[in-house]
Structure formats: structure tokens, C-alpha cells
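Notes follow once the structure below has been shown.
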Amino acid sequence: MLEMQGLRGGYGPAQVLNDVSLSVRAGEVTAILGRNGVGKTTLLRGLMGLLPRLSGRVTLAGEALAGLPTHRVARAGIGYVPEGRQIFPELTVTENLAVGQRSPSRLWPAERLFGLLPNLRERQRNAGRSLSGGEQQMLAIARALVTDPRVLLLDEPSQGLAPMVVQELARILRHLAGEGVAVLLVEQNLRLTETVADRIAIMARGTVVHDDTAAGFRAAEDELRHRWLTL
Amino acid sequence: MDPLALLTLQALNALSLSALLFFISLGLTLIFGIMRVVNFAHGALFMLGAYVGVTAHNASGSFLLSLVAAPLAAGLLGLAFERTALSRLYAREHSAFLLVTFGLALALTEAIRLLWGADARQAELPDALSGIVFVMDEPFPVYRLLLIGAGVLCGLGCWAGLQRTRLGLLLRAASQNPVMTAALGNDVGRVRAFVFALACALAALGGALAAPLLSASLGLGSNVIIDAFVIVMIGGMGSFLGTAAGSLLVGFAQTFGNYYLPELALGMTYVVMIAVLVLRPGGLFGRPE
Ligand SMILES: Nc1ncnc2c1ncn2[C@@H]1O[C@H](COP(=O)(O)OP(=O)(O)OP(=O)(O)O)[C@@H](O)[C@H]1O
Ligand SMILES: [Mg+2]
């Protein structure tokens, strides 16, 4: 569904992404692990057209995305759940959702959305800033879903969430993949990643150093962890 | 004169001044809210509105038409300026934006001097609007009441637009988080261009409405922009309600200051500003950034 080939780019003269290639398939959760500062967030920002400099190829179901302005990338079918959730603090939950709906969502009408994310239902009239961290994360996901994305990018969604809420998050991500969404999950939480991912990639120094099925990751887990993930 | 009647008339005068100030400071606030920068050219656009208004009125004989021509001209000018110059500067330093709008203010003032000459232009009100009404047995100009009404209408219209329309929603979203607004599929550049053009049109409408009272002259822009800055700071940068409150405060302070403390009249605006900012450094409705 989403193909990246030879992505290079960064913020200033220093290169952060150094030849990234990766495929994200529909109906699967593809996870990216990696130590702090290896370029995971930068990769997602690059996909969204938010990097000052990016070269290489990105295609969504065959359609070229690299170089498009951010709003065109979103309209092409990429939903973005950024690091730190980035809820609009002064807008209500309903308004937060409305920002992404240039027309009413076809795939995620209210009933289906609140069926998947029941906590948001009673919070619709509350301001974004009054939500708990878990509710804000659910809102960030809901807000991306109502744009009817084919691909969902999530940047460390489990950060700062209680274990119960992380379990809920795992359920939601599995459900979305089951509905045919291509999920690209950047995480530092190994347990969540192993629970939900079909494929696991590891990034280091701005490139993908390992890319395999979840079973393949598990088989070599101790070595991979030691080499690429622990400090 | 009956003291209560005097007070009432002064209050009405203050309200009509507040209404004029509201037209210009509202646009300044909208621009600041979404672009996080001050538009130095806003006073010059108010002045342009006064000149275009006077000319359109004299040429067509219709005051109403002048109230359409002035905002239309300034709105189109603002749109062209935003698309060609400002839209390239958002990613850069704020100082570049300030310099460019300051340049526009100077260029506009010179263009007006070339087109209309250095003499002030007085607008004549149509008969229907130049009459008086009696308020508590005292005469009061109809036109000032009309200004109050126009200010209230403009305020309600903008409020409804911000709260009830999709464009208003996008404006509020983009002023809180432009990157996320774009990442949800919205062309933030177009929202900015629209807001800038609308703000220019509002300033020019204020200028055209002010022309019959203040007359169109070359100092008009720089006089009024200072009051508008003060209002936006009093209200809390970027706050709609704060701008309404700030316009009222400054309108009342200037009108009553002129009457009761004429020696201090010029300083009243600043006295109010300092008092508000000492009590609430972020302005009346300001939020900590
Ligand atoms: N806005 C920016 N301007 C310049 N450099 C940046 C910027 N954001 C990140 N970087 C640099 O790019 C590199 C990669 O950062 P990035 O945020 O992509 O890492 P990450 O893998 O997401 O890390 P983390 O796990 O801590 O979120 C880092 O060296 C960082 O210092
Ligand atoms: Mg990151």
C-alpha cells in the first residue's frame, strides 16, 4: 500500500534520513523500533511533507507522494497521529474531529467511530485540553480516522499512557488492521509492538537495519535488542 | 445640560468611537491569531478605505456603494499582497514579515499622496444620515448611532463566522496548530490568504465609515494604528472577545478623557493600557503561550 524507496532528508545541512526503504501493507501493522534520535519521527514527518528537505520515492497504491504539500498528502489517504498527540486544546472533541472532515467521513461515521473508541462518546462537548492523556490519544486516532485514510501513521502513541490504556490501544490497532487499514506504528514499547505488529523494522542512524516478520523478530530478539535497541 | 443626559451622550459618543476602533483592531487580531505577527500596514489600509470611500461616494453619489467599494479594493489588494509577498515569509523570521508590512504601509501612504494629493478629503453624508435624533431631549447625530449599529453587526457577524462556519473552525484550528491543521487535509495557505484579505477589507470598511467624521487625510493611518495596537494588547493578542473589550475600553477612555481631563487626553489610552497590563500581563482575555 505505502512504499518508501531510498528516502534521504533532514532539517538543515545534516542528513537525518539516510536511505530508508520500507513497505507498509494493507491489513497489517508494520512497526518501527529504534533508539532515541535515530530518525523515526523524522521519517513520519517526511512522509507527511513536513520536512524542509526530502528526496527518494514514496508511493501510495502506486501514486507518487514525495514532494506534495502536507494537505495533499493527507487527502491522498494518509492519516497522521503525531508524537505528543497535538490535539487542538481550545476546540471541543467534536470540533477537533470536524477539522479533518471536509465532507462527512464515509468510512467512519459517528456510530462506527464511537463503537471503536467508546470513551470519546461522552466527551464530545469537552475541550481538547480537558481530556486525559489516554482520551487525547484516542481523539488523535479518531481525528485521523475521519479523514478516511488508507494508511495510518502513529508516532509513539503509547507514550505516557497507563498499562490499561496501552492494552486498549493494542485492541484498536489490531481492529484497524483487521478492517484493511495499513498501519505504520513507531514505538519504543516493545511489549505493545510484539502484541500488535505483523512486521517489525528497526531503524538506526537514519536507515532501516532490520526488517522481518514479527516471528522472525522474536526468533532473533535477544541479539537484535542488544545490538539495536538497548542502551 | 442634565448631568445624566450628558453622561448618556458621552457614552454614545464613546460607543461610536469604539465601533470604528473595533473595525481596525479586529483585523489586526485575526491576522495575529493565525500568523503570529503584527501587520504594520493595517493603519494604511484603514486610510486607503477612507480615501476610496470618499472618491466612490463623490463619483457615484451613493454612500452605500462607497461602503462596498472600499473593502473590496482593500480586500483585493490584501489578497494580492499576501499571495505574492507574505506567503513566502511565514517559514522565515518574523522580522522579515514585519519589515515587509511596514514597507507596504509606507508604499500605500505614498501612493495615496500621489493619487489624491496632500489635502484632506471631507466626505459629505447623504441627507438621510446627516440628521439628528433627540436622546434624553438632547440632539445627537444619527450617523453616530449608525456607527454603533455597524460595529455591533460586524462583531456579531464575525463571531458567528468564527463559531459556526467551516472556515471559522479552520481559522481557530490553524491559530492553535497550523501543522496539524494541514496534516488533516486543509490548505492552511488558503486560510491565511482569506483571513488577511478579510482583515484588510474590515480595516477599509472602518475607514470608509470614519471618513464622514474624521475626513480622509494622510495622518489617519498612523494615528489609528497606534490605538489598534494598544487595543490588541489590552485584549490579549489574538483574542476576539478581548478585542471587543479593548475597543470599548479605549473608546470610553478617549471620549471621557477628552471631556473631563483634556490635559491628559492624549495619554489616556496609555494609562488604560498600562493599568490593564500591570493587572493582567497577558491582556484581558490573553492566554499564556
Ligand atoms: N526540528 C528539528 N530541527 C533539527 N534537527 C532535528 C529536528 N527534530 C529532530 N532533529 C534531529 O534529527 C534526529 C532524529 O530525530 P527524530 O526526532 O526523528 O528521532 P526519533 O527516532 O523520533 O527519536 P525519539 O525516539 O526520541 O522520538 C535527531 O538527531 C534530532 O536531533
Ligand atoms: Mg520521535
Side-chain angles (χ1 to χ4, degrees), chain A residues 11-12 41 44-53 68-92 94-105 127-129 136 139-149 151-155, chain B residues 29-30 32-34 36 82-83 87-93 96 159-195 235-243 282-289:
Chain A
Y11 301 90
T41 297
L44 298 194
R45 290 177 57 86
L47 293 174
M48 289 309 297
L50 290 169
L51 274 192
R53 230 162 28 77
L68 289 184
T70 301
H71 67 277
R72 298 276 305 279
V73 173
R75 290 180 195 181
I78 301 207
Y80 184 41
V81 180
E83 196 169 30
R85 326 190 207 300
Q86 308 281 339
I87 295 304
F88 300 108
E90 309 291 331
L91 300 186
T92 65
T94 305
E95 287 173 330
N96 265 277
L97 293 174
V99 173
Q101 297 188 75
R102 288 177 306 124
S103 54
S105 173
R129 68 151 36 130
Q136 289 194 354
L139 176 56
I141 294 173
R143 189 177 61 174
L145 286 180
V146 295
T147 65
D148 294 339
V151 177
L152 191 64
L153 313 179
L154 300 107
D155 197 345
Chain B
T29 289
L30 287 175
F32 185 84
I34 193 165
R36 289 285 174 271
E82 201 280 342
R83 292 282 78 179
S87 58
R88 296 164 206 278
L89 298 176
Y90 296 123
R92 303 246 194 107
E93 290 282 300
W159 178 252
L162 276 172
Q163 297 297 324
R164 295 277 148 88
T165 67
R166 171 143 192 94
L167 195 79
L169 174 72
L170 292 184
L171 204 163
R172 287 182 291 141
S175 69
Q176 292 170 40
N177 190 334
V179 168
M180 209 50 227
T181 307
L184 291 165
N186 302 293
D187 188 345
V188 173
R190 273 176 59 181
V191 177
R192 285 200 185 107
F194 177 85
V195 169
M237 306 294 276
S239 158
F240 177 91
L241 284 178
T243 304
L284 291 173
F285 291 78
R287 300 190 193 92
E289 294 257 332

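In this structure, the separation between CG on B:L184 and CZ on A:F88 is 5.5 Å, given to the nearest 0.5 Å.
In terms of heavy-atom pairs under 4.5 Å with chain B, the best-connected choice from A:M48, A:R143, A:Q101 is A:R143.
Heavy-atom distances place no part of A:V73 under 4.5 Å from chain B, backbone and side chain included. For chain B, the nearby part of A:L50 is the side chain; its heavy atoms alone come within less than 4.5 Å. There is no contact between A:R72 and chain B, counting heavy-atom distances below 4.5 Å. With a threshold of 4.5 angstrom between heavy atoms, A:P69 does not approach chain B through any atom at all.
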For residues 187-194 of chain B, run the donor-acceptor check on the side chains, cut-off 3.5 Å, and write out each pair with its distance to 0.1 Å, sequence neighbours left out.
unit_1	atom_1	unit_2	atom_2	d
B:D187	OD1	B:G189	N	3.2
B:D187	OD1	B:R190	N	3.4

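A:A74 and B:A182 get closest at one heavy-atom pair: CB-O, 4.2 Å. Closest of all the heavy-atom pairs between B:M180 and A:P82 is SD-CG, 3.6 Å.
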Inset, instruction - Using the side-chain contact (heavy atoms from CB on, under 4.5 Å) rule, take A:V99 and B:L169 through it: C-alpha gap first, then chi angles, then the decisive distance, then the call. - result: CA-CA 7 Å; A:V99 173; B:L169 174 72; 4.1 Å; yes

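Residue pairs meeting the side-chain hydrogen bond (donor to acceptor under 3.5 Å, both in side chains) criterion with at least one partner in residues 173-186 of chain B, sequence neighbours excluded, are A:Q86-B:N177, B:R166-B:N186.
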